[in-house]
2 protein chains.
Amino acid sequence: MTTTKTIEPAAKTRDGRSTREAILAAATRLIHVHGYNHTTLDDILRESGVGKGNFYYHFKSKEDLGYAILDEIVAAFLQRTLDPCFSDPTARPLAQIRCFLDRVLESQRARNGVGGCPLGNLVAELSDVHEGFRRRLAGVFGIWQTRLTDALEAARRCGQVGDACRPDAVAHFLVASLEGAILLTKLTKDISVMEQCVAELGRYLSLYEVGV
Amino acid sequence: MTTTKTIEPAAKTRDGRSTREAILAAATRLIHVHGYNHTTLDDILRESGVGKGNFYYHFKSKEDLGYAILDEIVAAFLQRTLDPCFSDPTARPLAQIRCFLDRVLESQRARNGVGGCPLGNLVAELSDVHEGFRRRLAGVFGIWQTRLTDALEAARRCGQVGDACRPDAVAHFLVASLEGAILLTKLTKDISVMEQCVAELGRYLSLYEVGV
DNA sequence: CCCTGTGTACCGACTGGTTGGTACAGATGA
DNA sequence: TCATCTGTACCAACCAGTCGGTACACAGGG
């Protein structure tokens, strides 16, 4: 059922784990750039150096792999981008959000916009075609959006933003604008588009800020 | 040019023109929802009732069809959404932009967000995989963004917005935010997300407006 | 008025390559 | 010996694109 990682006394072949991880890593990389449908099993096998039978030992199907990759992407996003900004209790809510915007910008700068947002790409490609993926993706974006909503509500409670700020609507708008900015950056291959958009998003936020 | 139904001298086989158009219409519909790679020629043929040989009489390849569809989508977008808002000389620039935002919202409401933005979908799916499509798509978004930049520059000249407004950056941000909002609406299947985002975009605009 | 030639529009069977997925035999370690 | 891994050969379905052929409108020459 669960991954039972804690119990695990390293009994399994040591490679049992790394094979699965090698597949996951290769597939995540390829699907990020080429999309889900356009990435073939053979591509993934070639990239990871794993045989086909071996692949089907670790994954039930390509779809199963897809779900696993989604979990992978989400975990990385939470760990590397979302959590670090919102876990510091000394920072004020709005500063947390601005920190998050910068972090997203940095993550795009690192790849110069190539590949775009792995989650956003899957939304565009699959959410009207594959209900299972759509539901999972909606869940992920829900988490992301909730984190922002919580911060905005905290900001309202401590008087950092005025009552005009509707946390839910603002959170939706932040997520949407970031996704759009990443998409446009991927299209133009010009990171300055991303920089401009994040800057405007910062100005937008200050619209609600009281006493600046 | 026009459908020539009135004039109709039955010179060519009457079906010469409408066959191409039937293919184009069916393919545009299918690709909008299922994406480019995931829509097969057979799907298009079935949907349009056209034989395979006939298809390849009218189009060089699937890629060729793709380009034709792009032209189709762009023409429709310019004609039905972009031009009507910016061609009225009596409206002030900012009003033109707000009119445009509403029109985009309406176009999504009509389909309840299903399918998302046909152009945005193609960007996500193809721009990192197919350089030809990427270039064409970049051109289209360039036109769109230029139209907004022009309006913002006009707004600055006539004093409707202050000097803090950088037309280029604001135009990029508007396009990005709209695309992101459409994507999120497609994911959540909830048109109120789109409504919230457009409302926030309206507030953002008023940030630059002088004397409101 | 017929015969022949030509260009346009169309059809559906077929092909070669690719895809996700399976069968199975061999390896490895407890 | 048995359960866990892994490689290889294979398969049916599917894909974009090709090919040989049909139907027909329209010329022009006799």
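Here is how names work: the chains are called A, B, and so on, in the same order as the sequence lines, proteins then strands, and each is numbered from 1.
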Rounded distance (Å) that lies between atom [atom2] of [N] and atom [atom1] of [X]:
X	N	atom1	atom2	answer
Arg20(A)	dT6(D)	CZ	P	12 Å
Leu65(A)	dG20(C)	CG	P	11 Å
Leu45(A)	dG21(C)	CG	P	12 Å
Glu63(A)	dT19(C)	CD	C1'	16 Å
Ile44(B)	dC15(D)	CD1	C1'	12 Å
Asn54(B)	dT22(D)	CG	C1'	13 Å
His130(B)	dA16(D)	NE2	P	13 Å

To the nearest 0.5 angstrom, please state how far the CG atom of Leu65(B) sits from the CD1 atom of Ile23(B).
->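 Here the interatomic distance stands at 7.5 Å.
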How many angstroms lie between CD in Gln96(A) and CG in Leu148(A), if you round to the nearest 0.5 Å?
->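 Rounded to the nearest 0.5 Å, the CD-CG separation comes out at 10.5 Å.
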dA9(C) phosphate, OP1 or OP2, under 4.0 Å from Tyr57(B) side-chain N/O |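 It does, given that an N or O in the side chain of Tyr57(B) lies less than 4.0 Å from OP1 or OP2 of dA9(C).
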Phosphate OP1/OP2 of dC10(C) contacted by Thr19(B) side-chain N/O (<4.0 Å) |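 The answer is yes; a side-chain N or O of Thr19(B) sits under 4.0 Å from OP1 or OP2.
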Can you tell me which residue pairs pass the salt bridge (charged side-chain N to carboxylate O under 4.0 Å, His left out) test with a partner in [range], sequence neighbours excluded?
range	answer
residues 50-73 of chain B	Asp42(B)-Lys52(B), Asp71(B)-Arg136(B)
residues 107-120 of chain B	Glu106(B)-Arg109(B), Arg109(B)-Glu195(B)
residues 75-95 of chain A	Asp83(A)-Arg147(A)

Among dC10(C), dT6(D), dA16(D), which nucleotide sits nearest the side chain of His58(B)?
->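 Among dC10(C), dT6(D), dA16(D), the one nearest the side chain of His58(B) is dC10(C).
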Excluding sequence neighbours, so at least two apart, what forms salt bridge (Lys or Arg N to Asp or Glu O under 4.0 Å) with Arg156(B)?
->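 Partners of Arg156(B) by the salt bridge (Lys or Arg N to Asp or Glu O under 4.0 Å) criterion come out as none, since no residue qualifies.
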Sub-4.0 Å heavy-atom contacts from residues 30-43 of chain A onto DNA chain C, ordered by number =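 Residues of residues 30-43 of chain A under 4.0 Å from DNA chain C: Thr39(A), Thr40(A), Leu41(A).
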Which pairs count as side-chain hydrogen bond (donor to acceptor under 3.5 Å, both in side chains) when at least one residue sits in residues 173-186 of chain A, sequence neighbours excluded?
->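 Counting only pairs at least two positions apart or across chains, the side-chain hydrogen bond (donor to acceptor under 3.5 Å, both in side chains) contacts touching residues 173-186 of chain A are Asn121(A)-Lys186(A), Ser177(A)-Ser177(B).
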Please name all residues satisfying side chain to side chain donor-acceptor pair (under 3.5 Å) with Tyr204(A), sequence neighbours left out, ordered by chain then number.
->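 Only Glu200(B) meet the side chain to side chain donor-acceptor pair (under 3.5 Å) criterion with Tyr204(A).
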Qualifying residues under side chain to side chain donor-acceptor pair (under 3.5 Å), relative to Ser192(B), sequence neighbours excluded |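 With sequence neighbours excluded, Ser192(B) shows a side chain to side chain donor-acceptor pair (under 3.5 Å) to Asp190(B), given in chain and number order.
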Would you tabulate the pairs of protein nitrogen or oxygen atoms and nucleotide nitrogen or oxygen atoms of nucleotides 22-28 of chain C closer than 3.5 angstrom?
none

